[in-house]
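Worth knowing before you read on, the calculation uses all heavy atoms, side chains too, and leaves out hydrogens, waters and symmetry mates.
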Amino acid sequence: MKKFTKVETSWMMYDWANSAYSVIITTAVFPIFYKSVASGAGVSNADSTAYLGYAVAIATFILAMIGPILGSIADYEGLKKKFFFFFFIVGSLSTLSLAFVPDGNWILLLMVYTITAVGFHGANIFYDAFLVDVTSAHRMDNISARGFGLGYIGSAIPFIISIAIILLADSGTLPISMTFATKLAFVITAIWWITFTLPMLKNVIQIHSVPRESSIIVGSFKRLGSTFKDIRKYRHVFLFLIAYFFYIDGVGTIISMSTAYGTDLGISATTLLIVLLMTQIVAAPFAVIYGRLSDKFTGKKMLYVGIVVYIIVCIYAFFMKNELDFWILAMLVATSQGGIQSLSRSYFAKLVPKEKSNEFFGFYNIFGKFASVMGPLLLGVTTQLTGSSSYGVFSLVLLFIVGGVILKFVPEQDVKVV
């Protein structure tokens, strides 16, 4: 594969930038901090895990509702980057504001977190859609996978800094409280996100678009209606989205709820942070490996590899009893987490018409987000009914199986690298 262009590199750098949010806010530091604050307020472990799941569900439901509409509007010439910038600002600044939530106010903490999730995932709709503007079809798998790989490496740096501050505060080496140290991690995340988004804002431009109309909003709804009327024309796209809906539900739920699940099992916050750091480090090369193997075996086959690995993860999680089990589980997730997400993104990008990429990535988002509503809700309700998180995680096996079966009927659209 030839050297990456400036535009490709700038696009990939946004994975480097926003992945700090994924690990520190979505997966690691924030959930542990929230669980601690909620516990201090007298909320039980099962209930606080469920409430976090409900917050994730609310944020993703909002995006599921507005995704296709905003995507359709953003397909007009010159609008894609403006929408990206808006959600990026909402996400990064609300992440910064997490540091200023009054101590002990777990409800406000969840509310601000919900806003950060809307900004983060909203920006990703347009970031993902830019993939068709920055590279050619036969390079998409590698560019997408390399972006995820950079994301894991990039997120590890602020994560290490944050962990160091938290552990030094915990040991008394730094004369600050654990709460203040944790809030510093939120500030670091926001600064990292903002700083490394600048190349994307400067160098990436919208190439494929729909000509402007006199009434953009009315025209957008008409184009959405036209897409639904011609749904048979895009049958393979929507068939993929249905498969994606099921298997990405399990992936997203495991990512967003893993630390809460680990806490319920009695694993210490320090151990959780170290495990998650190692997960990031291991995941980086595996994301790139998935991209390279897709050239040889096709992206669809590699998606099946990821689905099978996640089925094993869910089954193993049901029987998990100790810290060693959690380590093994985390490393299994690390082998496929980036690969299944990056290849889903590039596989879909090759299926859709380029000039309507935002609209279709809006659908990509709505299917992914509705799945993200169902997964955390399923985990939360099952946890409360059974009093055990293990049953909620185990139920995700069905989602991976259904997703894999439907994926079988999606036509092979991979472009082989010659």
Side-chain angles (χ1 to χ4, degrees), residues 18-56 58-59 91-120 155-156 158-193 255-277 279-280 326 330 376 380 383 389:
N18 77 346
S19 290
Y21 175 94
S22 295
V23 65
I24 294 174
I25 306 301
T26 301
T27 308
V29 178
F30 175 81
I32 294 173
F33 178 67
Y34 156 73
K35 292 282 288 186
S36 174
V37 173
S39 177
V43 183
S44 70
N45 279 337
D47 283 342
S48 61
T49 298
Y51 294 142
L52 179 59
Y54 299 151
V56 173
I58 291 170
S92 58
L93 294 186
S94 57
T95 296
L96 182 65
S97 70
L98 284 172
F100 301 98
V101 174
D103 294 347
N105 195 331
W106 67 273
I107 296 177
L108 181 59
L109 197 64
L110 270 186
M111 291 173 65
V112 176
Y113 169 73
T114 303
I115 297 172
T116 71
V118 170
F120 173 77
S155 63
F159 190 32
I160 291 171
I161 295 171
S162 298
I163 289 176
I165 293 173
I166 291 170
L167 294 181
L168 289 173
D170 188 36
S171 67
T173 305
L174 277 180
I176 57 176
S177 67
M178 282 287 286
T179 297
F180 185 76
T182 302
K183 290 184 175 183
L184 276 180
F186 302 154
V187 174
I188 291 168
T189 302
I191 292 174
W192 184 274
W193 187 357
I255 292 172
S256 62
M257 304 300 292
S258 59
T259 49
Y261 180 51
T263 301
D264 290 349
L265 290 170
I267 298 173
S268 70
T270 300
T271 299
L272 284 173
L273 291 175
I274 294 172
V275 171
L276 290 168
L277 172 60
T279 301
Q280 298 298 110
F326 193 80
T383 298
S389 305

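In this structure, the side chains of Tyr51 and Ile107 stay at 4.5 Å or more apart for every pair of heavy atoms. Counting only heavy atoms from C-beta outward, the side chains of Leu184 and Ile176 approach each other to under 4.5 Å.
In this structure, CD1 on Ile25 lies 5.0 Å from CZ on Phe186, to the nearest 0.5 angstrom. Interatomic distance, CZ of Phe159 versus CD1 of Ile166, reported as 8.0 Å (0.5 Å rounding). Considering OG1 of Thr279 and CG of Leu272, their distance stands at 10.0 Å, rounded to 0.5 Å. The CG atom of Asn105 lies 10.0 Å from the CG atom of Leu110; values are rounded to the nearest 0.5 Å. Here the straight-line distance linking atom OG1 of Thr26 with atom CZ of Phe120 works out to 5.5 Å at 0.5 Å rounding. Separating the CE atom in Met178 from the CD1 atom in Ile165 is a distance of 12.0 Å, to the nearest 0.5 Å.
For Leu109, the side chain to side chain contact (heavy atoms under 4.5 Å, CB included) partners at least two apart in sequence or on another chain are Phe30, Phe33, Tyr34, Val37, Leu98, Val101. Applying the side chain to side chain contact (heavy atoms under 4.5 Å, CB included) criterion to Ser162, with sequence neighbours excluded, gives Ile24, Ala185, Ile188. In this structure, Tyr54 has no ring-ring contact (aromatic ring centres under 6.0 Å, His included) partners at least two apart in sequence or on a different chain.
Panel note: side chain Tyr21, backbone Ala117; a donor-acceptor pair is recorded below 3.5 Å. Remark: side-chain polar atoms of Ser36 are not paired, donor with acceptor, to backbone N or O of Ile32 under 3.5 angstrom.
The list of side chain to side chain donor-acceptor pair (under 3.5 Å) pairs with a residue in residues 166-177, not counting sequence neighbours, reads Ser171-Thr173. Every pair tested for side chain to side chain donor-acceptor pair (under 3.5 Å) that includes a residue from residues 92-102 fails, sequence neighbours excluded, so the list is empty. Applying the side chain to side chain donor-acceptor pair (under 3.5 Å) test to every pair with at least one member in residues 183-193, sequence neighbours left out, gives these pairs: Tyr14-Trp193, Asp103-Lys183.
Donor-acceptor pairing under 3.5 Å is lacking for the side chains of Ser19 and Ser22.
The heavy-atom pair separating Trp106 from Ala41 by the smallest distance is CD1-CB, 3.6 Å.
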